[in-house]
Novice: 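My questions all concern the structure below.
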Amino acid sequence: MIDNKQLQALVAVHKTGSFEKAAELLSVTQSAVSQRIKQLEERMGRALLVRTSPVTPTQAGFRLITHHQRISLLEHELLAELEPDTAPDTPKPIAIGINADSIATWFLDAIQPFIRTNNIVLEVKVDDQDNTHELLRNGEVVACVTSNATPVQGCHAIPLGLMRYRMLASPALKHVFEQHQDWQQLPIVEFNRKDQLQKQYLKQFYNTQPNEQLTHRIPSSEGFVEYIRRGFAAGMIPDEQSSALLATGELVDLAPGNYLDIPLYWHVWSLKSTLMKSLTDIIVIHTEAILPPQKIS
């Protein structure tokens, strides 16, 4: 058996990034946290943490963190089922990894009934859709929305549909672009340095790349769209976010007919968890109704 207090100490250090803050979180001394981690590492016969700043788990540490979170979730549900009158009122924390564009478009509508009917506290961790599955692999979230189709070990992946992205700009910027038709002279905006959509689009359709000297970065989905609407740069926006602005003429497509279809998948722990099944069902049903289906090859 693995000592639960030792696992809690490991999770707390991972969550806070330091032994001192983990001690504050657990309301124990820093020495107690260090001792529990040491005992757990001796029990496992390997290092579980890299003593950097912030402190980070090793691969074995991540596996233990994921194990603890899974057991904690199942225990929470079991107590609620067996002892409904005495089960703790403390909400169950649920962490989900997701890309910013999904948050800005369909995600909040999808999970609204889940939030209203379950005693949970939601923590959303945002990353690029190509990277959110790493949050699941590292035990930081219980589920994620990602463009990666390969299931993380111990999880299963469910296709959600497609998000269609087009290269959009303001009418004024399009007019300037039409004078030279040179992508290297066009200011481009990316969400952050992980954002590959603009690069992928230009490589696929024009065999070029954005001019780094003219590349802006706005790490906000709503701010990203507004930046393009104001004419500062062009960028890839999903149809779910751009349709109204295209209808009013505030945004225009720089190359009608050229677009990228990005598949989305729901990755979730393979657990017999009523809570996670309910969340998965709600996500799948909602996206089936609003996102174009993926093509079966």
Novice: Can you list the steps and then say if Ile94 with Glu123 is a side chain to side chain contact (heavy atoms under 4.5 Å, CB included)?
Specialist: CA-CA 6 Å; Ile94 297 289; Glu123 180 180 4; over 6 Å; no
Novice: For the residue pair Asn258 / Tyr206, report whether a side-chain donor-acceptor contact shorter than 3.5 Å exists.
Specialist: yes
Novice: Could you give the distance from CD (Gln8) to CG (Leu25), rounded to the nearest 0.5 Å?
Specialist: 10.0 Å
Novice: Does any donor atom in the side chain of Ser102 or Asn99 lie under 3.5 Å from an acceptor atom in the other side chain?
Specialist: yes
Novice: Distance from Asp101 atom CG to Gln241 atom CD, nearest 0.5 Å?
Specialist: 5.5 Å
Novice: For Asn118 and Phe114, indicate whether the former's side chain and the latter's backbone hold a donor-acceptor pair under 3.5 Å.
Specialist: yes
Novice: Any side-chain heavy atom of Ile37 sitting closer than 4.5 Å to one from Phe19?
Specialist: yes
Novice: In terms of side-chain geometry, is the basic nitrogen of Glu190 or Lys199 positioned less than 4.0 Å from the acidic oxygen of its partner?
Specialist: yes
Novice: With the side chain counted from C-beta on, respond yes when Val28 and Val33 share a heavy-atom pair under 4.5 Å apart, and no when they do not.
Specialist: yes
Novice: So, does Thr58 use its side chain to make a donor-acceptor pair with the main chain of Ala47 at under 3.5 Å?
Specialist: yes
Novice: Apply ring pair (Phe, Tyr, Trp, His ring centres under 6.0 Å) to the pair Phe232 and Tyr227, showing each step before the final yes or no.
Specialist: CA-CA 6 Å; Phe232 299 135; Tyr227 201 78; 4.9 Å; yes
Novice: Between Ser270 and His156, is there a side-chain donor-acceptor contact under 3.5 Å, judged purely by atom types and distance?
Specialist: yes
Novice: Does some side-chain heavy atom of Leu10 sit less than 4.5 Å from a side-chain heavy atom of His14?
Specialist: no
Novice: Ignoring hydrogens and angles, tell me if any N or O in the side chain of Gln184 forms a donor-acceptor pair with the backbone of Gln209 under 3.5 Å.
Specialist: yes
Novice: Is the backbone N or O of His133 less than 3.5 Å from a side-chain atom of Asn131, with the two atoms forming a donor-acceptor pair by type?
Specialist: no
Novice: How many angstroms lie between CD in Gln6 and CG in Leu64, if you round to the nearest 0.5 Å?
Specialist: 10.5 Å
Novice: Could you check Arg51 against Glu41 for salt bridge (Lys or Arg N to Asp or Glu O under 4.0 Å), going step by step and ending with a plain yes or no?
Specialist: CA-CA 13 Å; Arg51 272 69 170 177; Glu41 289 182 322; 2.8 Å; yes
Novice: Any heavy-atom pair between the side chains of Tyr165 and Asp261 that's under 4.5 Å?
Specialist: no
Novice: Should Ser170 and Glu250 count as side-chain neighbours, where that means a heavy-atom distance under 4.5 Å?
Specialist: no
Novice: Is it true that Arg229 and Glu226 have a side-chain N and a carboxylate O under 4.0 angstrom from each other?
Specialist: yes
Novice: Salt bridge or not between Arg217 and Glu212? Use side-chain N to carboxylate O under 4.0 Å.
Specialist: yes
Novice: To the nearest 0.5 Å, what is the distance between CG on Asp195 and CG on Asp130?
Specialist: 9.0 Å
Novice: Consider only side-chain N and O atoms of Asp127 and Thr132, and report whether a donor and an acceptor are under 3.5 Å apart.
Specialist: no
Novice: Report yes or no: do Leu26 and Val55 belong to one cluster of Ile/Leu/Val/Met/Phe/Trp/Tyr joined by side chain heavy-atom distances under 4.5 Å?
Specialist: yes
Novice: Quick one, Ile120 and Leu279 - any side-chain contact, counting heavy atoms below 4.5 Å?
Specialist: no
Novice: State whether the side chain of His267 and the backbone N or O of Ile158 hold a donor-acceptor pair below 3.5 Å, judged by distance alone.
Specialist: no
Novice: Is the backbone of Thr274 close enough, under 3.5 Å, to the side chain of Ser278 for a donor and an acceptor to pair up by distance?
Specialist: no
Novice: Nearest 0.5 Å please: distance from the CD atom of Gln129 over to the CD1 atom of Ile98.
Specialist: 10.5 Å
Novice: Within a strict 4.5 Å, meaning less than it, do heavy atoms of the Trp266 and Ile96 side chains meet?
Specialist: yes
Novice: Backbone N or O of Leu264 within a donor-acceptor pair of the Gln294 side chain at under 3.5 Å?
Specialist: yes
Novice: Look up atom CG in Asp182 and atom OG1 in Thr208, then write down how far apart they are to the nearest 0.5 Å.
Specialist: 8.0 Å
Novice: Mind checking whether Leu254 and Tyr201 have side chains closer than 4.5 Å, heavy atoms only?
Specialist: no
Novice: Do Leu186 and Leu197 share a hydrophobic cluster, counting only Ile, Leu, Val, Met, Phe, Trp and Tyr and linking them when any side-chain heavy atoms are less than 4.5 Å apart?
Specialist: yes
Novice: Salt-bridge test for Lys125 and Glu140: reply yes if a basic N is under 4.0 Å from a carboxylate O, no otherwise.
Specialist: yes
Novice: Is Glu134 salt-bridged to Lys194, cutoff N-O under 4.0 Å?
Specialist: no
Novice: Sub-3.5 Å donor-acceptor pair from the side chain of Lys174 to the main-chain atoms of Asp253, do we have one?
Specialist: yes
Novice: What I want to find out is whether Arg166 reaches Glu240 closely enough, with some N-O distance under 4.0 Å, to be called a salt bridge.
Specialist: no
